[in-house]
*Asks:* 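The following block contains the structure, expressed as structure tokens.
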Protein chains: 2
Amino acid sequence: MEKEPEHCNVEDALGILVGKWKPIILLHLLQEGTKRFSELKRGMPGITQKMLTKQLRELESEDIIQRVVYPQVPPKVEYSITEYGKSLEPILEAMHEWGTNHTLHKMGKLNQKSM
Amino acid sequence: MEKEPEHCNVEDALGILVGKWKPIILLHLLQEGTKRFSELKRGMPGITQKMLTKQLRELESEDIIQRVVYPQVPPKVEYSITEYGKSLEPILEAMHEWGTNHTLHKMGKLNQKSM
DNA sequence: TCCAATAGTATCCTTTTGTATACTATACCA
DNA sequence: TGGTATAGTATACAAAAGGATACTATTGGA
């Protein structure tokens with residue numbers, strides 16, 4: 001790592017990953033491949049249509065995911081990770097690993113208190 | 001990576017790193033060691049005292065940084081990364097590396113357009 | 001004729017995040 | 001006596017993120 005946090009590249013990654021839903025969307029698409037809108041929605045209980053649409057649009061405009069519309073009725077729209085989007089995987093993995101240990105850390109603190 | 005993004009550990013990491021300022025604060029403390037409040041503030045032009053205080057309090061309550069008050073006048077308060085906080089470094093590094101390539105990617109797209 | 005299904009919009013609301021500005025206590029120094 | 005420095009707090013406000021609910025178009029099927 002360098003010595004100048006000021007003009008900081010970390011922010012770019014954060015800008016793309018930030019939000020309550022984006023990382024989860026990306027995990028779904030990374031792990032399960034192409035998905036329809038309704039499949040994503042079912043896989044994320046709690047998200048509203050508005051939020052899912054918004055997050056997908058933002059990810060698409062960053063070239064992280066791809067959106068393909070099939071001209072059918074009822075409509076069919078498929079989302080998938082782009083090659084570029086796949087480059088985010090190491091970050092997601094680092095977070096996932098850290099998150100796992102974080103859980104252990106929290107449990108450790110609880111155990112200490114109860115001793 | 002596993003197959004169940006639902007109860008997802010990635011969120012814990014995001015919860016700690018998210019915000020306009022937290023990653024920058026952590027980078028400062030990781031790279032430059034212990035810092036006083038005023039030093040951090042000077043190192044982050046644009047941040048207000050209220051925000052800096054708030055972010056530091058949150059990081060402290062997550063056990064990511066340590067706050068030491070010296071009973072002096074004028075006051076002196078020092079902040080430093082905890083051992084636990086250092087465990088976030090791989091995530092920050094992955095983001096930093098990705099951010100660097102992201103810049104190249106954006107420049108690549110611009111070059112393509114101008115051709 | 002009416003209902004279901006899909007992938008959304010539109011509208012309104014609450015919560016969180018961030019900004020701007022003013023204010024505090026206290027000791028040292030001129 | 002008045003200014004400077006430090007690490008804040010208080011107040012008011014603006015903007016962004018997120019949530020709840022209702023609505024749309026279209027076609028095939030009962």
Side-chain angles (χ1 to χ4, degrees), chain A residues 5-6 8 10-29 32 34-62 64-80, chain B residues 5-6 8 10-26 28-29 32-62 64-80:
Chain A
E6 280 76 18
C8 154
V10 171
E11 306 228 44
D12 291 335
L14 237 353
I16 280 175
L17 255 19
V18 152
K20 190 170 171 183
W21 302 108
K22 276 180 192 160
I24 308 182
I25 294 173
L26 292 177
L27 283 177
H28 273 282
L29 294 179
E32 298 153 35
T34 300
K35 294 227 140 199
R36 295 183 62 170
F37 183 87
S38 54
E39 292 175 316
L40 283 171
K41 190 164 182 307
R42 270 192 294 273
M44 286 181 267
I47 197 170
T48 59
Q49 257 170 330
K50 176 190 161 186
M51 284 311 295
L52 183 52
T53 302
K54 194 184 162 210
Q55 307 302 311
L56 289 170
R57 291 289 189 286
E58 288 175 10
L59 290 170
E60 188 196 359
S61 79
E62 300 272 12
I64 304 296
I65 65 173
Q66 201 189 0
R67 179 171 177 268
V68 178
V69 182
Y70 295 86
Q72 304 176 354
V73 170
K76 177 178 173 182
V77 180
E78 282 185 347
Y79 294 92
S80 54
Chain B
E6 280 76 18
C8 152
V10 171
E11 305 228 46
D12 291 334
L14 238 354
I16 282 176
L17 254 19
V18 153
K20 189 169 170 182
W21 303 109
K22 277 179 191 160
I24 308 183
I25 293 172
L26 291 177
H28 273 284
L29 294 179
E32 298 155 33
T34 300
K35 293 225 141 201
R36 297 182 62 170
F37 183 87
S38 53
E39 292 174 316
L40 283 172
K41 189 162 182 308
R42 270 192 293 273
M44 285 181 269
I47 198 171
T48 58
Q49 256 170 330
K50 178 188 162 187
M51 284 310 296
L52 183 52
T53 302
K54 194 186 163 212
Q55 306 302 313
L56 289 171
R57 290 289 189 285
E58 288 175 11
L59 290 170
E60 188 196 0
S61 80
E62 300 271 12
I64 305 296
I65 65 173
Q66 201 191 1
R67 178 171 179 267
V68 179
V69 182
Y70 296 85
Q72 304 176 354
V73 170
K76 176 178 174 183
V77 180
E78 281 186 347
Y79 294 92
S80 56

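The sequence lines fix the lettering, A, B, ..., with proteins before strands; numbering per chain opens at 1. FYI, side chains are in, hydrogens and waters are out, and symmetry mates aren't considered; it's all heavy atoms of this structure.
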*Asks:* Would you list the pairs meeting salt bridge (charged side-chain N to carboxylate O under 4.0 Å, His left out) in which at least one residue belongs to residues 43-53 of chain B, sequence neighbours left out?
*Replies:*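 Every candidate salt bridge (charged side-chain N to carboxylate O under 4.0 Å, His left out) pair involving residues 43-53 of chain B fails, so no pair, neighbours aside, qualifies.
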*Asks:* Atom CZ of A/Arg57 and atom C1' of D/dA17: how far apart are they, to the nearest Å?
*Replies:* 18 Å
*Asks:* Give a yes/no answer on whether the side chain of B/Arg36 brings an N or O atom under 4.0 Å of OP1 or OP2 in D/dT6.
*Replies:*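 For B/Arg36, the contact criterion (side-chain N or O under 4.0 Å from OP1 or OP2 of D/dT6) is not met.
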*Asks:* Any chance you could lay out the side chain to side chain contact (heavy atoms under 4.5 Å, CB included) test for B/Leu17 and A/Val18, step after step, and finish with the verdict?
*Replies:* CA-CA 9 Å; B/Leu17 254 19; A/Val18 152; over 6 Å; no
*Asks:* Output the rounded distance in Å from CD (A/Gln72) to P (C/dG8).
*Replies:*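 Checked: the CD to P distance equals 13 Å.
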*Asks:* At 4.0 Å (heavy atoms only), tell me whether A/Lys41 reaches a base, stays on the sugar-phosphate, or touches nothing.
*Replies:*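 Result for A/Lys41 = nothing.
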*Asks:* Give one of base, sugar-phosphate or nothing for A/Gln55, where a contact means two heavy atoms less than 4.0 Å apart.
*Replies:*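 A/Gln55: backbone/sugar contact only, no base atoms under 4.0 Å.
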*Asks:* Taking side-chain hydrogen bond (donor to acceptor under 3.5 Å, both in side chains) as the test, write out the residues that go with B/Lys41, two or more places apart.
*Replies:*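 B/Lys41 satisfies side-chain hydrogen bond (donor to acceptor under 3.5 Å, both in side chains) with no residue once adjacent residues are dropped.
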*Asks:* Would you please test B/Gln49 and B/Phe37 for side chain to side chain contact (heavy atoms under 4.5 Å, CB included) and show each step?
*Replies:* CA-CA 9 Å; B/Gln49 256 170 330; B/Phe37 183 87; 3.8 Å; yes
*Asks:* Is there a side-chain contact between A/Val10 and B/Ile24, using heavy atoms and a 4.5 Å cut-off?
*Replies:*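 Not in contact.
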*Asks:* To the nearest Å, how far apart are B/Leu52 CG and C/dT17 C1'?
*Replies:* 15 Å
*Asks:* Would you tabulate the pairs of protein nitrogen or oxygen atoms and nucleotide nitrogen or oxygen atoms of nucleotides 19-27 of chain D closer than 3.5 angstrom?
*Replies:*
{"from": "D/dG19", "atom 1": "OP1", "to": "A/Lys20", "atom 2": "NZ", "distance (Å)": "2.6"}
{"from": "D/dG19", "atom 1": "OP2", "to": "A/Trp21", "atom 2": "NE1", "distance (Å)": "3.3"}
{"from": "D/dG19", "atom 1": "O6", "to": "A/Lys50", "atom 2": "NZ", "distance (Å)": "2.0"}

*Asks:* Take the protein atom CD of B/Glu78 and the nucleotide atom C1' of D/dG8, then report the distance between them rounded to whole Å.
*Replies:* 16 Å
*Asks:* Using the C1' atoms of five pairs at each end, what's the angle between the two axes of the helix from C/dT1-D/dA30 to C/dA30-D/dT1, to 10 degrees?
*Replies:* 30°
*Asks:* What is the distance, to the nearest angstrom, from the NZ atom on B/Lys54 to the P atom on C/dG18?
*Replies:*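 About 6 Å, once rounded to whole Å.
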*Asks:* Quick one: list whatever passes side-chain hydrogen bond (donor to acceptor under 3.5 Å, both in side chains) with A/Arg67, sequence neighbours left out.
*Replies:*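 So A/Arg67 forms a side-chain hydrogen bond (donor to acceptor under 3.5 Å, both in side chains) with A/Tyr79.
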*Asks:* Set out, in order, the CA-CA distance, both residues' side-chain angles and the distance that settles side chain to side chain contact (heavy atoms under 4.5 Å, CB included) for B/Glu58 and B/Lys22, then state yes or no.
*Replies:* CA-CA 9 Å; B/Glu58 288 175 11; B/Lys22 277 179 191 160; 2.6 Å; yes
*Asks:* Expressed as a whole number of angstroms, how long is the span from A/Tyr79:OH to C/dA7:P?
*Replies:*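 About 8 Å, once rounded to whole Å.
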*Asks:* When A/Tyr70 is tested against each of A/Glu78, A/Arg36, A/Lys76 for side chain to side chain donor-acceptor pair (under 3.5 Å), which residue passes?
*Replies:*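 The option that passes is A/Glu78.
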*Asks:* Reckon A/Thr53 has a side-chain N or O less than 4.0 Å from the OP1 or OP2 of C/dG8?
*Replies:*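 The answer is no; no side-chain N or O of A/Thr53 sits under 4.0 Å from OP1 or OP2.
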*Asks:* Which residues satisfy the salt bridge (charged side-chain N to carboxylate O under 4.0 Å, His left out) test with A/Glu39, sequence neighbours excluded?
*Replies:*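 Salt bridge (charged side-chain N to carboxylate O under 4.0 Å, His left out) list for A/Glu39, sorted by chain: empty.
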*Asks:* In whole Å, what is the span from the CE atom of A/Met44 to the P atom of C/dA7?
*Replies:*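 To the nearest whole Å, that distance equals 13 Å.
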*Asks:* Within this structure, what is the NZ-to-C1' distance between B/Lys76 and C/dC28, rounded to whole angstrom?
*Replies:*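 Spelled out: NZ on B/Lys76 to C1' on C/dC28 is 17 Å.
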